[in-house]
Amino acid sequence: MSDGRICMTRPDDWHLHLRDGAALQTTVPHSARCFRRAIVMPNLETPVTSVAAAAQYRARIAEQIPPGADFVPLMTLYLTDTLPVAEIDEAARTPWLAAVKYYPAGATTNSASGVTAIENTWPVLERMEQLDVPLLLHGEVNDAEIDIFDREAVFIDRILQPLVKRFPRLRLVLEHITTREAAQFVAEADARIGATITVHHLLFERSDMLAGGIRPHLYCLPVLKRDLHRKALRAAATSGKRRFFAGTDSAPHPVTQKESACGCAGVYSAPAALELYAEVFEQEQALDRLEGFVSFHGADFYGQERNSECIELVREPWSLPDWHDFSGDRVKPLRAGETVHWQVRDGQSGLARSNAS
Ligand code: DOR
Ligand code: ZN
């Protein structure tokens, strides 16, 4: 790395929402543009609750991978109160089935079938521990009595700490961490516990979303917190610690559903995610640690080989379009219509700056 040019190992996205149907025509090329692998979330309208359903979903994704792009979707199962233990056996036998995702029932998009009480899942978690299938956590309590800004910290006390004790070998990823408490918990935990950090939680804090007018495209869950938390996340991401890795949580919703009296949670960051991570690491004077965070730590955690191909980032400004076509509607990418300072040279799909019309 030098002089506005970074050559690095192709990165992976360890937390991604691709959606389904026609939306895949937009989302898959955007992620395949520079990421090699992605952990694909299972919160479709009909949640992915079996390995067979995951195989079909994976095939639909594969149809949209641009010719010549090397993009590997790693699938997840959606944990419910009644997920059969046999699905874990099947998952452990399936190389592209990477993990099981926990959503507290009702906490976020398409989580109505999520877990109502963690005790209900104990037999499944026991088998996951035995077979070394990681559990990915949406780390919030969905409790009307808990303030929305406190739901992650309360989750750590109420759910995560007991879980870690009860299942001492279960591998866990605390997804999209948003607080100093979460960063500290993961930093001090043993090596079987990792955390993903999104680029929007590194770039923004809650005033960016709420001061001087409400910006619905920055609304996500867990919700943006105050600036001291963003600073703690920046410190964690750029620390070089192997337990922190990139997961964009890129989560597109049609513009009409974001700009609404009751808008959906989710930030569509995939079109410039890597470039925006680079921007954050540059601001933190930690560009030398970017490759570890986006290309090595997640692969190591998941026991996957590191990618061998390289990618080049150059410090040349470009602008994101105001929107992309999205399943008969439009989706606004993070930084829509604004300048991004880094760009990937020769991305895999050539779609980086197209699709605006
Ligand atoms: O902001 C979010 N969007 N957070 C989630 O947990 C889910 C995601 C989505 O699927 O829209
Ligand atoms: Zn997510």
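The model shown is predicted, which means the values in this text are computed figures rather than measured ones. Order of appearance sets the numbers: ligands from 1, and atoms from 1 within every ligand.
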Engineer: Compute the ring centroids of Tyr268 and His30, then answer whether they are less than 6.0 Å apart.
Structural biologist: yes
Engineer: Among pairs that include at least one residue of residues 91-100, which meet side chain to side chain donor-acceptor pair (under 3.5 Å), considering only residues two or more places apart or in two chains?
Structural biologist: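 Every side chain to side chain donor-acceptor pair (under 3.5 Å) pair that includes a residue of residues 91-100, provided the two are not neighbours, is Glu90-Arg93.
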Engineer: Output yes when Asp89 and Arg127 qualify as a salt bridge under the 4.0 Å nitrogen-oxygen rule, no when they do not.
Structural biologist: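 Counted as a salt bridge, because a side-chain N and a carboxylate O are separated by less than 4.0 Å.
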Engineer: Please list, in chain and residue-number order, the protein N/O/S atoms closer than 2.8 Å to the Zn ion (ligand 2).
Structural biologist: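 Those protein N, O or S atoms (cut-off: under 2.8 Å from the Zn ion (ligand 2)) are His15 NE2, His17 NE2, Asp249 OD1.
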Engineer: Quick one: list whatever passes ring pair (Phe, Tyr, Trp, His ring centres under 6.0 Å) with His176, sequence neighbours left out.
Structural biologist: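 With neighbours one apart ignored, the set is His15, His138.
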Engineer: Please determine whether a side-chain nitrogen of the Lys or Arg among Arg158 and Asp143 lies less than 4.0 Å from a carboxylate oxygen of the Asp or Glu.
Structural biologist: yes
Engineer: Can the ring centres of Phe245 and Phe301 be said to be less than 6.0 Å apart?
Structural biologist: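 Yes.
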Engineer: Looking only at the aromatic ring of each residue, does the gap between the centers of Tyr103 and Tyr78 stay below 6.0 angstrom?
Structural biologist: yes
Engineer: Does the pair Asp208/Arg215 count as a salt bridge with the N-to-O cut at 4.0 Å?
Structural biologist: no
Engineer: Residues around ligand 1, heavy atom under 4.0 Å from any ligand atom, sorted by chain and number. Can you pull those?
Structural biologist: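 Within the 4.0 Å shell of ligand 1, which is judged on heavy atoms, sit His17, Arg19, Asn43, Thr108, Thr109, His138, Cys220, Leu221, Asp249, Ala251, His253, Ala265, Gly266.
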Engineer: Relative to Phe149, does Arg206 satisfy both conditions: NZ or CZ under 6.0 angstrom from the six-membered ring centre, and within 45 degrees of the ring's axis?
Structural biologist: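 Arg206 over Phe149 ring: yes.
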